[in-house]
Amino acid sequence: KQEVTQIPAALSVPEGENLVLNCSFTDSAIYNLQWFRQDPGKGLTSLLLIQSSQREQTSGRLNASLDKSSGRSTLYIAASQPGDSATYLCAVRLGGGADGLTFGKGTHLIIQP
Amino acid sequence: SQTIHQWPATLVQPVGSPLSLECTVEGTSNPNLYWYRQAAGRGLQLLFYSVGIGQISSEVPQNLSASRPQDRQFILSSKKLLLSDSGFYLCAWSPGLANEQFFGPGTRLTVL
């Protein structure tokens, strides 16, 4: 059974810092990995999708990497801003015909102004 | 562009009452559709997914059921709610396998 772990569970940093969120998964047979952000009481906003054949994806100040063989992904946020405060979720999609995402429990990020 | 809707946004129901949550997608055809639940202190859990009208796969045996009566409509139901059914229910869609998933705004369900 696929398990996804996110470290740290919570993080508070001053505005302007660069930071890294970590995600690990136990089964490397994945189709893709997706990073989301969730604001309190809201749905999920997709940030980045990395296919299993890719090593990284970038969108603005966000960069996500994938090391499928070691079961790890990182989300790098450059020059953090208070508006980046949210919970960040990592999710993997299994291969082999199964569908749906398996999620980690998230990293609760606070950017101090 | 594609849009996903969920209603109601908030629902408070007594134990033993029925449930019907609706999700619709606009701007696409033949999407894969998903229901997830986010319970307090727990991660998001996949409940059901559908690759076409009338095709439902259940991931977790439970008190809930799902139906897809139309291409872009996905319904989550229960005949008798339990306290443990409380949570935040999220609907999602994707163009197909190995594609990005997009989530709706969610329904907050409280069972009393």
Side-chain angles (χ1 to χ4, degrees), chain A residues 1-7 9-10 21 23-27 29-54 57 59 62 64 66 68 86-108, chain B residues 1-11 21 23 25 30-52 55-60 66 68 74 87-110:
Chain A
K1 178 186 173 184
Q2 177 74 275
E3 292 184 1
V4 180
T5 303
Q6 291 188 245
I7 295 174
L21 307 182
C23 172
S24 61
F25 47 95
T26 55
D27 186 344
I30 62 171
Y31 262 159
N32 57 44
L33 183 145
Q34 202 168 344
W35 282 93
F36 298 87
R37 70 172 278 167
Q38 185 177 28
D39 293 290
K42 304 294 185 183
L44 276 62
T45 300
S46 179
L47 298 174
L48 289 163
L49 171 73
I50 309 178
Q51 300 293 351
S52 61
S53 59
Q54 297 175 322
Q57 283 286 339
S59 176
L62 305 179
L66 174 64
K68 183 181 168 184
T87 296
Y88 289 80
L89 296 161
C90 166
V92 299
R93 196 164 189 171
L94 289 176
D99 205 0
L101 295 171
T102 300
F103 282 84
K105 292 187 177 181
T107 294
H108 180 55
Chain B
S1 64
Q2 299 83 16
T3 309
I4 180 168
H5 302 280
Q6 288 187 245
W7 63 88
T10 305
L11 191 60
L21 304 181
C23 170
V25 182
N30 196 32
N32 286 6
L33 296 172
Y34 311 85
W35 278 112
Y36 293 86
R37 177 171 60 199
Q38 189 173 36
R42 302 176 65 179
L44 270 151
Q45 181 183 39
L46 177 67
L47 301 176
F48 301 94
Y49 69 91
S50 171
V51 299
Q55 300 178 60
I56 309 294
S57 296
S58 174
E59 289 295 305
V60 182
R68 185 170 177 174
F74 205 22
F88 192 44
Y89 288 81
L90 290 157
C91 180
W93 77 275
S94 74
L97 282 176
N99 291 113
E100 197 169 1
Q101 284 195 19
F102 302 95
F103 282 73
T107 294
R108 174 76 58 191
L109 172 67
T110 303

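Throughout, protein chains are lettered first and strands after them, A, B, ... in sequence-line order, and every chain is numbered starting at 1. From a predicted model like this one, the values you see are computed outputs, not experimental measurements.
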Is chain A contacted by the side chain of [X], its backbone, both, or neither, given a heavy-atom distance below 4.5 Å?
X	result
B:Y36	side chain
B:Q6	neither
B:L44	both

Exercise. Using a cut-off of under 4.5 Å on heavy-atom pairs, state which of B:L46, B:V51, B:I4 scores highest against chain A.
Key: B:L46
Quiz prompt | Nearest non-hydrogen partners of A:Q38 and B:F88, listed with the distance | solution = NE2-CE2, 3.8 Å
Nearest 0.5 Å, please: how far is [atom2] in [Y] from [atom1] in [X]?
X	Y	atom1	atom2	result
A:L89	B:F103	CG	CZ	9.0 Å
B:N99	A:N32	CG	CG	8.0 Å
B:F102	A:L44	CZ	CG	12.5 Å
A:T87	B:Q38	OG1	CD	8.5 Å

Self-check item: Short side-chain to backbone donor-acceptor contact, A:R93 and B:E100, under 3.5 Å
Solution: no
Practice problem: Without swapping roles, check the side chain of A:Q34 against the backbone of B:Q101 for a donor-acceptor pair under 3.5 Å. | Solution: yes
Quiz item: Considering only heavy atoms, which portion of A:L48 lies under 4.5 Å from any heavy atom of chain B: side chain, backbone, both, or neither?
Solution: neither
